[in-house]
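All values below were derived from every heavy atom in this structure, side-chain atoms included, with hydrogens, water molecules and symmetry-related copies excluded. Being a predicted model, the structure only gives us computed values, none of them experimental.
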Amino acid sequence: MISGFDYIKSNGLKKVFALIVDGVPTDLSAIFSETAKVEAITKEHPLALEIMRHTTAHIMAQAIKELYPSAKIAIGPVIENGFYYDISCEHHFTPEDFPGIEKRMREIIKADYKITREIVSKEDAIKFFSSKNEPFKVELIQDLDVGEVSFYHHEDKFTDLCRGPHLPKTGMASVHFDIMKVAGAYWRGDSNREMLQRLYATSWFTKEELENYINLLEEAEKRDHRKIGKEMGLFHLQEEAAGSIFWHPRGWTLYRTLRNYVRKRINEDGYVEVCTPQMVDRVLWEQSGHWEKFRQNMFISESEGKMHAIKPMNCPCHIQIFKQGTKSYRDLPLRMAEFGCCHRNEPSGSLYGTMRVRSFVQDDAHIFCTPEQINSETKRFCKLLSRIYKELGFESFSVKFSDRPEKRVGSEAIWDLAEDLLQKAVREVGLEYTINKGEGAFYGPKLEFVLKDKLNRDWQCGTFQVDFNLPERLGAWYTGEDGEKHHPIMLHRAVLGSLERFIGILLEHYAGKLPMWLAPVQIVVATITNDYDAYAQKFFDALVTAGIRAELDLRAEKISYKIRNHSLAKIQLMAIIGENESTNDTITLRKMDGSQQSLSFSAAVDFLKEICKEP
């Protein structure tokens, strides 16, 4: 047997953060067989930043405990681009406190405390944290179905409950970090429990990386879809309808344009469109398994002694349509689509603009097919998805394969078959994927398609799920080539996910400067003075006849005011109408960047028809 420290010493390795021993990340203090397969985690390794941030989270918790001794610490996980720690403290943290905490963190790093791991019994762990008056740690340990837990010590200065791994010394943590903000968070996400203070932080190996990230956040703030939506006059939100969107005329135009574009693409791909009820008796949700697995997220209504649920998804209703009449294998695959409005009872604290809502419309569809058709339908869907993403301005995407979750329906044999068929299909499509362990739907495994926007942020949008369970549970069948009854395979799929969320993604991706074919207002026709209203009206009418989404600005305002007003609303083209244009039968087109071009009346109409046409 050999320790991690002996391993790196004997192999002449330096600045090793941790090891991967037989596929498992572990501390340098770990003891393992000399025949084990070992990989060193250095600064360049994909896991290095996560481990460094994990240790920095503990350093932040230590700093807070030393500066505010009455503070009680809860959890402090690593998240994308940083970490957070939930704290219960009489002191109300503000950004003015951050420099002091950061100063103490750098002192802890400079002190270079040795970090050690200790395995203790569950009983002793509870006694330890009880003596330290750390009730959140005690509760966490009590809920663990284990006999032992692991502690991490910064010498005798600080101890936390954690599975690790961590850096061997605090001095190896980077000093390039920044506490970003403080927010409220209910303990364990339960609104009936204590509200904790959550301190978010980011940490990077170099000053340049930190500065780049801060700049990225500043740019993201400028691109906030809520801010852009207000500037463009697209939508608003209000407490009386929390989690629902009030779409204004321009916003609804954008919404309908996007929906109609997707509708056109799926019609070309052989889908039939349906519409199903908003409210359905709980009996159907019990039969489908949603009542047991999803009840807490469903809005409920009672009438005449019966309980109904507003649908959180469309799939059980689509099966009801499939069941009408006898189906043969010759009818498959049947691709059934619906822009179905769904409602989910999301916690109020998680609602966020159009990105996280309670009322939303999915570009939803279900493909009823035979097992033999899964491969071809997977390939067909991936081709459709790739085309739509590209035409919407997203050149690439990544794929995650999500396998069986802890809460699920169906036998293990069915899950084995479904996972095997889906993995085989996606491999044959030629897409690389990563495993998203335990994140499948409760009825089947799924693919998740992740877009990357212009700020290099990931957005999970499309999904493709293989479901052997729901058709059987709800009694759907078809007559096979053998003359026997068979349950169809149900493929759940969406390209955009939710239209509301995807519009938010588009607004941030393009910073409001949408492609001309998507822009709710493609051009504003504006006069320099009211003497030219008639000519402006003539051009406006010609644009409307040509199918251009135009607006007419005949206000008795200075043209500079009109330009500024419409530029703030992200209108990318203006037709400026004055004496020269009216006299010479021309149109001056002005872009948002100030550049201009003059065209004849008819040439301007043709030019706009060309640049505004849908892909």
Side-chain angles (χ1 to χ4, degrees), residues 266 269-274 276 284 287-290 293 313-338 340 362-385 399 401-405 408-429 431 433 439-449 462-495:
I266 65 174
D269 206 43
Y271 288 80
V272 292
E273 191 173 335
V274 300
T276 58
L284 181 62
Q287 292 171 348
S288 70
H290 288 90
K293 307 295 181 183
M313 60 266 301
N314 302 299
C315 28
C317 293
H318 286 192
I319 293 179
Q320 306 315 303
I321 294 178
F322 181 88
K323 288 169 61 178
Q324 301 305 302
T326 302
K327 299 293 187 300
S328 161
Y329 71 93
R330 295 186 182 89
D331 300 313
L332 306 182
L334 174 58
R335 306 180 189 96
M336 190 182 299
E338 179 177 8
Q362 297 174 308
D363 63 319
D364 199 12
H366 296 92
I367 303 167
F368 297 90
C369 66
T370 67
E372 294 76 22
Q373 293 169 333
I374 291 176
N375 267 18
S376 61
E377 289 303 309
T378 302
K379 294 174 184 176
R380 187 183 187 113
F381 172 72
C382 290
K383 183 178 179 181
L384 172 69
L385 175 138
V399 183
F401 179 90
S402 300
D403 60 9
R404 66 195 75 184
R408 58 183 181 268
V409 295
S411 68
E412 294 304 296
I414 285 178
W415 275 90
D416 289 341
L417 179 61
E419 289 176 354
D420 181 63
L421 286 172
L422 184 57
Q423 282 186 300
K424 181 181 178 182
V426 74
R427 282 196 297 266
E428 290 189 9
V429 172
L431 293 175
Y433 62 89
E439 293 298 319
F442 72 85
Y443 46 74
K446 66 180 177 180
L447 302 177
E448 296 181 350
F449 298 87
T463 58
F464 187 84
Q465 304 161 11
V466 177
D467 184 357
F468 280 74
N469 289 297
L470 232 56
E472 181 176 351
R473 289 177 70 98
L474 296 180
W477 57 271
Y478 67 94
T479 303
E481 196 171 359
D482 58 2
E484 300 295 323
K485 289 184 176 180
H486 301 272
H487 296 296
I489 310 303
M490 190 177 187
L491 306 177
H492 307 244
R493 86 344 145 258
V495 178

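Looking at heavy atoms from C-beta onward, Arg493 lies out of side-chain contact with Leu385 at the 4.5 angstrom threshold. You'll find the side chain of Cys315 reaches within 4.5 Å of the side chain of His290, heavy atoms only. Two residues are said to be in side-chain contact when any heavy atoms from C-beta on lie closer than 4.5 Å; Phe381 and Val495 meet this criterion.
Aromatic ring orientation, Tyr433 versus Phe401: tilted (interplanar angle from 30° to 60°).
One finds the OG1 atom of Thr378 at 12.0 Å from the CZ atom of Arg427 (value rounded to the nearest 0.5 Å). The structure places OG of Ser411 at 8.0 Å from CG of Asp416, a figure rounded to the nearest 0.5 Å. Put simply, CG on Leu422 and NZ on Lys446 are 11.5 Å apart, with the number rounded to the nearest 0.5 Å.
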In a table with atom names and distances, give each donor-acceptor pair under 3.5 Å that connects a side chain of residues 477-485 to protein atoms at least two apart or in another chain.
| residue | atom | partner | partner atom | Å |
| --- | --- | --- | --- | --- |
| Asp482 | OD1 | Glu484 | N | 2.9 |
| Asp482 | OD1 | His486 | NE2 | 3.0 |
| Asp482 | OD2 | His486 | NE2 | 3.1 |

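Although no hydrogens or angles enter the test, the distance criterion places a donor-acceptor pair under 3.5 Å between the side chain of Glu338 and the main chain of Thr276. For the pair Asp420 (side chain) and Leu417 (backbone), a donor-acceptor distance under 3.5 Å is absent. No donor-acceptor pair closer than 3.5 Å links the side chain of Arg335 to the backbone N or O of Ile367. Using modelled atom types, no side-chain atom of Asp467 and backbone atom of Met490 make a donor-acceptor pair closer than 3.5 Å.
Across all their heavy atoms, His487 and Pro471 have their closest contact at ND1-O, 4.0 Å. Among all heavy-atom pairs drawn from Leu491 and Ile374, the shortest one is CD2-CG1, 4.5 Å. For the pair Leu474 and Ser288, the tightest heavy-atom approach, listed with the atom from each and the gap, is CD2-N, 3.8 Å. Shown here for Ala425 and Asn375, the closest heavy-atom pair between the two residues is CB-OD1, 3.2 Å. Taking each heavy atom of Pro488 and Ala476 in turn, the nearest pair found is CD-O, 3.3 Å. Nearest heavy-atom pair across Cys382 and Leu431 is SG-CD1, 3.7 Å.
Partners of Glu273 according to the salt bridge (charged side-chain N to carboxylate O under 4.0 Å, His left out) rule, which considers only residues two or more places apart in sequence or in another chain, are Arg263. Residues passing the salt bridge (charged side-chain N to carboxylate O under 4.0 Å, His left out) test with Glu412, sequence neighbours excluded: Arg404, Arg408. Residues passing the salt bridge (charged side-chain N to carboxylate O under 4.0 Å, His left out) test with Glu428, sequence neighbours excluded: Lys379. Taking the salt bridge (charged side-chain N to carboxylate O under 4.0 Å, His left out) definition, one finds that Asp269 meets it with Arg380, sequence neighbours left out. Among residues two or more places apart in sequence or in another chain, the ring-ring contact (aromatic ring centres under 6.0 Å, His included) test is passed with His366 by His318, His492.
Within a 6.0 Å sphere centred on NZ of Lys323, other residues, nucleotides and ligands contribute more than 12 heavy atoms.
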>> The test is side-chain contact (heavy atoms from CB on, under 4.5 Å); show your working for Tyr271 and Leu384 and say whether it passes.
In response: CA-CA 12 Å; Tyr271 288 80; Leu384 172 69; 4.2 Å; yes
> Going through the checks in order, is the side-chain contact (heavy atoms from CB on, under 4.5 Å) test met by Leu447 and Val466?
Replying inline: CA-CA 9 Å; Leu447 302 177; Val466 177; over 6 Å; no
>> With side-chain contact (heavy atoms from CB on, under 4.5 Å) as the criterion, how do Leu284 and Gln320 come out once you've worked through the C-alpha distance, each side chain's angles and the decisive distance to 0.1 Å?
In response: CA-CA 10 Å; Leu284 181 62; Gln320 306 315 303; 3.3 Å; yes
> Going through the checks in order, is the side-chain contact (heavy atoms from CB on, under 4.5 Å) test met by Ile489 and Phe368?
Replying inline: CA-CA 6 Å; Ile489 310 303; Phe368 297 90; over 6 Å; no
